[in-house]
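Below: the structure, in structure tokens.
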2 protein chains.
Amino acid sequence: MTISARVHYATLALIELAQRQSEKSPVAVREICQRHGIPAPFLVQILRTLRSAGWVQSIRGAQGGYRLAIAPTELNLLEIAEAVGCSDSNCQTDATDTPANRMVHEVWDAASEASRAVLARTTLAEIAARSAQGDEVMFYI
Amino acid sequence: MTISARVHYATLALIELAQRQSEKSPVAVREICQRHGIPAPFLVQILRTLRSAGWVQSIRGAQGGYRLAIAPTELNLLEIAEAVGCSDSNCQTDATDTPANRMVHEVWDAASEASRAVLARTTLAEIAARSAQGDEVMFYI
DNA sequence: CCATACTTGACTATTGGGATCAACTTTCTA
DNA sequence: TAGAAAGTTGATCCCAATAGTCAAGTATGG
């Protein structure tokens, strides 16, 4: 499970949308990009994926933008990573099928599973809340 | 921590050498390759790395080959992976340094650390022994 | 002396990730 | 009812890293 820039940006965008769920008007792509330093056309591409996953809703036209379309408690980082293309394709070789080969693959799988577990138990709600606290601290300093 | 073919091959080779540590003559590259289906020139390249790490010893000339130069209990899969170039460079972006960004990075780091822990606690001795058992089972079937 | 085997350095090729663009459609607002 | 603001789409490009290859050389046993 390699974490790509794609996944990182997707997560940042979702956090932003989660924190601003209560706002009346949707959040523009440009805003998200400016706040987080994400290349705009790239984020557009990523948001397409998030939309087809049903996690964000897009509103077209002037004053348009994006809005979270799911409860932040119902989305974890593993789901995000997998949706945005962090395939888990661990080590594809044409090595002979031997006991050693199987054994080693088991270890790789176990390692992969361990990191997936960490991602799976971290919800969008959690990190959104925790980074919002960070914002407040910054504000008061 | 992505597992590349390099790491996989390196591990297979080390297992082979570990299992044949007691033999008098060293093991030829060609033998390892045939047994495990590894492209020979590629394994040569990998063995170079393992040698400079001090884990294998090479014997040149006819009847030459490789021999394990370390106790299999003293080598774990994390060390192997790192030596052979599985850098942990998790997600390099030029995202703005915000609370959200830091928070997300913490999660990636935790996930990465979880998989590293699995690899770190698996020794070469362990998988060599376990896959040797597998060999026996195959033999008796 | 020659076959076997390791050594070294350079080299190629393919893939996937990161990023960009242009042309288009939709919708608000003045 | 324009036109500005936004999202939509599909194609395209670049680069770095990975996988894999090659050739010329050196050492050693028989």
Side-chain angles (χ1 to χ4, degrees), chain A residues 1-13 17 24-34 36-53 56-67 69 81-95, chain B residues 1-10 12-13 17 24-34 36-52 56-67 69 81-95:
Chain A
M1 179 63 58
T2 306
I3 300 302
S4 58
R6 252 190 176 71
V7 180
H8 190 71
Y9 291 151
T11 308
L12 290 178
L17 295 182
K24 287 166 215 160
S25 46
V27 183
V29 171
R30 191 158 40 80
E31 266 187 86
I32 305 178
C33 291
Q34 282 172 352
H36 296 278
I38 305 173
F42 195 17
L43 183 58
V44 165
Q45 198 184 91
I46 294 166
L47 284 169
R48 225 193 295 188
T49 309
L50 299 182
R51 192 171 64 109
S52 65
V56 302
Q57 175 198 356
S58 65
I59 291 94
R60 302 180 66 158
Q63 315 303 320
Y66 282 86
R67 190 174 286 166
E82 285 181 338
V84 180
C86 264
S87 63
D88 197 23
S89 65
N90 228 348
C91 173
Q92 290 161 353
T93 66
D94 29 353
Chain B
M1 178 63 59
T2 305
I3 300 302
S4 58
R6 251 193 176 69
V7 180
H8 190 71
Y9 291 151
L12 289 177
L17 295 181
K24 288 165 210 160
S25 45
V27 183
V29 171
R30 189 157 42 81
E31 265 186 87
I32 305 178
C33 291
Q34 282 173 352
H36 296 279
I38 306 172
F42 195 19
L43 183 58
V44 164
Q45 198 186 89
I46 294 166
L47 284 168
R48 225 193 295 189
T49 309
L50 298 182
R51 193 171 65 108
S52 66
V56 301
Q57 175 198 354
S58 66
I59 292 95
R60 303 181 62 159
Q63 313 305 320
Y66 282 86
R67 191 174 284 165
E82 285 181 338
V84 180
C86 266
S87 63
D88 198 21
S89 64
N90 230 348
C91 170
Q92 291 161 353
T93 66
D94 28 352

Length of the line joining [X]:[atom1] and [N]:[atom2], which is rounded to integer Å:
{"X": "Leu43(A)", "N": "dT20(C)", "atom1": "CG", "atom2": "P", "value": "12 Å"}
{"X": "Ile3(A)", "N": "dG17(C)", "atom1": "CD1", "atom2": "P", "value": "12 Å"}
{"X": "Gln92(A)", "N": "dA19(D)", "atom1": "CD", "atom2": "P", "value": "10 Å"}
{"X": "Phe42(B)", "N": "dT12(C)", "atom1": "CZ", "atom2": "C1'", "value": "14 Å"}
{"X": "Leu47(A)", "N": "dA19(C)", "atom1": "CG", "atom2": "P", "value": "15 Å"}
{"X": "Gln45(B)", "N": "dT12(C)", "atom1": "CD", "atom2": "C1'", "value": "12 Å"}
{"X": "Arg67(A)", "N": "dG7(D)", "atom1": "CZ", "atom2": "P", "value": "12 Å"}
{"X": "Gln57(B)", "N": "dT7(C)", "atom1": "CD", "atom2": "C1'", "value": "15 Å"}

About how many Å separate CZ of Arg48(A) and CD of Gln45(A), when rounded to the nearest 0.5 Å?
6.0 Å
In this structure, CG of Leu50(A) is separated from CG of Leu17(A) (nearest 0.5 Å) by 8.5 Å
Test side chain to side chain contact (heavy atoms under 4.5 Å, CB included) on Leu12(B) and Ile32(B) and set out the steps.
CA-CA 9 Å; Leu12(B) 289 177; Ile32(B) 305 178; over 6 Å; no
Quick one: on DNA chain C, does Gly61(A) or Tyr9(A) contact a more 5' nucleotide (nearest heavy atom)?
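So the residue in question is Tyr9(A).
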Within the structure shown, what part of the strands sits under 4.0 Å from [X] by heavy-atom distance: base, sugar-phosphate, or nothing?
{"X": "Val29(B)", "result": "sugar-phosphate"}
{"X": "Arg48(A)", "result": "base"}
{"X": "Pro41(B)", "result": "base"}

Given [options], identify the nucleotide with an atom nearest to the side chain of [X].
{"X": "Ala28(B)", "options": "dT27(C), dA19(C), dC6(C)", "value": "dC6(C)"}
{"X": "Val44(B)", "options": "dT8(D), dT21(D), dT7(C)", "value": "dT7(C)"}
{"X": "Ala5(A)", "options": "dT18(D), dG20(D), dA19(C)", "value": "dA19(C)"}

Keeping the roles fixed (side chain from Arg67(A), backbone from Lys24(A)), state whether a donor-acceptor pair exists under 3.5 Å.
yes
Can you check whether any acceptor in the base of dT26(D) is under 3.5 Å from a donor in the side chain of Arg60(B), or vice versa?
yes
Please evaluate the base of dG30(D) for a donor-acceptor partner in the side chain of Gln63(B) within a cut-off of under 3.5 Å?
no
Under 4.0 Å: is that the gap between some side-chain N or O of Arg51(A) and OP1 or OP2 of dT8(D)?
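The answer is yes; a side-chain N or O of Arg51(A) sits under 4.0 Å from OP1 or OP2.
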Any Ser58(B) side-chain N or O less than 4.0 Å from OP1/OP2 of dT7(C)
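Yes, such a contact exists.
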Just do the side chain to side chain contact (heavy atoms under 4.5 Å, CB included) check on His36(A) and Tyr9(A) with the steps written out, would you?
CA-CA 8 Å; His36(A) 296 278; Tyr9(A) 291 151; over 6 Å; no
